[in-house]
Amino acid sequence: MNGKHVVMLRPAAYDACRTAVDNAFELFPLSLTGKKVLVKPNVLRRSAPEEAVTTHPAVLKAVVERVLESKPETLWVGDNPGIVGYGENEECFRATGLKDAAGKHYLNLNERITSVPFAAAAEGSIQVSSAVLEADIIISVPKFKTHGLTVLSGAIKNSYGILPGAIKGLMHQRAGTPLAFQRMVLDVFKLRVPDLFIMDAIVGMQGNGPASKDLRHIGLIMASNNAIAMDAVMAMMAGFDPANLPALTMAAEEGLGSFEKNDITIDGEFKTLQDFMLPPMPESGYAAPGMGQFFDKALTAAPVINPELCTICGECVEICPGNALKIEETLLRIDLGKCIKCYCCQELCPQNAIQLKMRG
C-alpha cells in the first residue's frame, strides 16, 4: 500500500456486517485491552433505523461486540443528538435501536460536560462531553450522508456530536455562514481527533440530507484511521471533487491528512455512485476558485415548508437559532429576512417537512 493514508471498502449488509467490521480492526489495529474506549455513532434525532438518519444499530452492535472481545477497562457508547434531541438523549438512542445495540455500555453524554479552550466560542471556551476527553481510544461510527451546510456528513462532521445539544444551535448562530460553519466543525473535530473511523455506508442518504427521504443503497462498510482521507473517498464516490470541500482543504493545510488521490490507497473495490444527488447548489457548483466567497455569499438555498407533511408540531420553532420560524393559526411560516441558513429546521424536522431549495 503506497498511499499516505488507507481507506477500506468492504461489501456488507445489515444482517451480515460483522466480517467487514472485523476487517477494519485488522487493517487498523488498536490497543484496547485495559483502556477506556468511547464508541460514538451518529444519532441526529429520534428516527427508525430504516430511515437511515442515524448509524444503523446492526453496525454499532458489530463494533461494540468487537471492542468487547479486546477486554477494555471501560466501554462507553454515546452521542449528543441534535438540538431537538437535547434532554432526550436516551429516548433518541431507544427509538433508533442504538440503545439495544449499545447494551449496558450506553452513556448519556449530556450528563457530564467539561469546558475547554475554543477561540470561536463565547469567552474563548466551549462545553464538551467529559467522556470524550477521558477516553483513551475513540472510535467514530459515522453515516454516509449529505448535509446542506457541509455538502457531505461523514467522518469529520460526526465529531460535531461531542458538543451537548444546546451548544450546537448556539454555534450554528455564531458561525453565520456556511464557510464559517465548516471552519467551526473542523475546529471541534480537532479538540479530540478519533483514533478509528468505521462508516455505515450500507444504506446512505443523498439529496437534502442529513434527514432526507432520498436513500441510496451503497452496500459498504468503510474504515480508515484518517478522517480526511475517508471523507475524500466518500466525496469521490458521490462524484464530487474533495478539493472543493473547505473543511478538507483547511484540514490538509493544517497537516491533519490529505484528500489528494495519489496520497490515498483504497483497500477494496471503488465505484462511483452514478447520479448521486447532492444538496441544492448553484449551477456553478462548489467551485474551488473563489470558494470562500461562494460559501459566504452565493449559497442561496433556503428552507421551504411542505404543508402536506408539516404537522405544526413546533419543534423547528423551538430550535431555530435565528427565530425565523413562527406558527400563524394553522400555518408554519419562515421569515427569510431572519433566516441565518443554518438549516437546523430542515435537519431536525421529525416529519421531513422542510426541504432546501435554490432561491434567486
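At least one donor-acceptor pair under 3.5 Å links the side chain of Asp231 to the backbone N or O of Ile156. Of the possible polar contacts, one joining the Thr150 side chain to the Leu152 backbone as a donor-acceptor pair under 3.5 Å is found. When atom types are taken as modelled, the side chain of Thr96 and the backbone of Ser47 share no donor-acceptor pair closer than 3.5 angstrom. Without hydrogens or angle criteria, Asp79 side chain to Val43 main chain gives a donor-acceptor distance under 3.5 Å. In this structure a side-chain-to-backbone donor-acceptor pair under 3.5 Å is missing from Glu254 to Ala251.
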Would you sort out whether Val233 and Ile264 count as a side-chain contact (heavy atoms from CB on, under 4.5 Å), showing the intermediate values?
-> CA-CA 8 Å; Val233 172; Ile264 301 171; 3.9 Å; yes
Could you check Met234 against Met199 for side-chain contact (heavy atoms from CB on, under 4.5 Å), going step by step and ending with a plain yes or no?
-> CA-CA 10 Å; Met234 182 184 176; Met199 181 179 287; 3.7 Å; yes
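A distance of 12.0 Å separates OG1 of Thr146 from CZ of Phe240, quoted to the nearest 0.5 Å. Between the CD1 atom in Ile228 and the CG atom in Leu256 there is a gap of 5.0 Å [rounded to 0.5 Å]. Taking CD1 of Ile221 as the start and CG of Leu9 as the end, the distance is 11.0 Å to the nearest 0.5 Å. Residue Asn225 holds its CG atom at 12.0 Å from CE of Met8, rounded to the nearest 0.5 Å.
For Ala95 against Pro49, the heavy-atom pair with the smallest separation is O-CD, 4.2 Å. Closest non-hydrogen pair, Ala243 versus Thr249, comes out as O-CG2, 3.2 Å. For the pair Ala238 and Phe276, the tightest heavy-atom approach, listed with the atom from each and the gap, is CB-CD2, 3.6 Å. Minimum interatomic distance between Val304 and Ile334 (heavy atoms only, all atoms of both residues): N-CD1, 4.5 Å. Nearest heavy atom pair, residue Lys145 against residue Asn42, reads NZ-OD1, 3.5 Å.
Residues Tyr106 and Asp100 bring no donor and acceptor atom of their side chains to less than 3.5 Å of each other. No hydrogens or angles considered: a donor-acceptor pair under 3.5 Å links the side chains of Asn80 and Ser129. A donor and an acceptor atom, one from each side chain of Thr114 and Ser130, are located under 3.5 Å apart. Asn158 and Ser140 share a side-chain donor-acceptor pair at under 3.5 Å.
The aromatic rings of His56 and Tyr14 sit parallel, their planes meeting at an angle under 30°, below the 60° perpendicular limit. Under the 30°/60° scheme for interplanar angles, the aromatic rings of Phe181 and His147 are found to lie parallel.
Residues Leu38 and Ile137 form no side-chain contact, since every pair of their non-hydrogen atoms from C-beta on lies 4.5 Å or further apart. When side chains are defined from C-beta on, Met184 counts as touching Phe118, because their heavy atoms get closer than 4.5 Å. A 4.5 Å side-chain heavy-atom check between Met250 and Gln182 finds at least one atom pair inside the cut-off.
Note on Arg46 versus Glu91: no salt bridge recorded, every NZ/NE/NH1/NH2 to OD/OE distance being 4.0 Å or above. Between Arg10 and Glu269, none of the side-chain N atoms (NZ, or NE/NH1/NH2) sits under 4.0 Å from a carboxylate O, so this pair counts as no salt bridge.
Shown here are the side-chain contact (heavy atoms from CB on, under 4.5 Å) partners of Glu26, two or more places apart in sequence or in another chain: Asp22, Asn23. The salt bridge (Lys or Arg N to Asp or Glu O under 4.0 Å) test applied to Asp187 returns Arg183, Lys190, not counting sequence neighbours.
A continuous path of ILVMFWY side-chain contacts below 4.5 Å connects Leu215 to Leu44, so both sit in one hydrophobic cluster. Residue Ile113 is not grouped with residue Leu163 when hydrophobic side chains (ILVMFWY) are merged at heavy-atom distances under 4.5 angstrom, including chains of intermediate members.
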Tabulate below the donor-acceptor pairs under 3.5 Å that side-chain atoms of residues 68-75 make, not counting sequence neighbours, or state none.
from  : atom 1 : to    : atom 2 : distance (Å)
Glu69 : OE1    : Arg18 : NH2    : 3.0
Glu69 : OE2    : Arg18 : NH2    : 2.8
Ser70 : OG     : Arg66 : NH1    : 3.1

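With Glu134 as reference, Arg112 is the one residue of Lys36, Arg112, Arg192 to meet the salt bridge (charged side-chain N to carboxylate O under 4.0 Å, His left out) rule.
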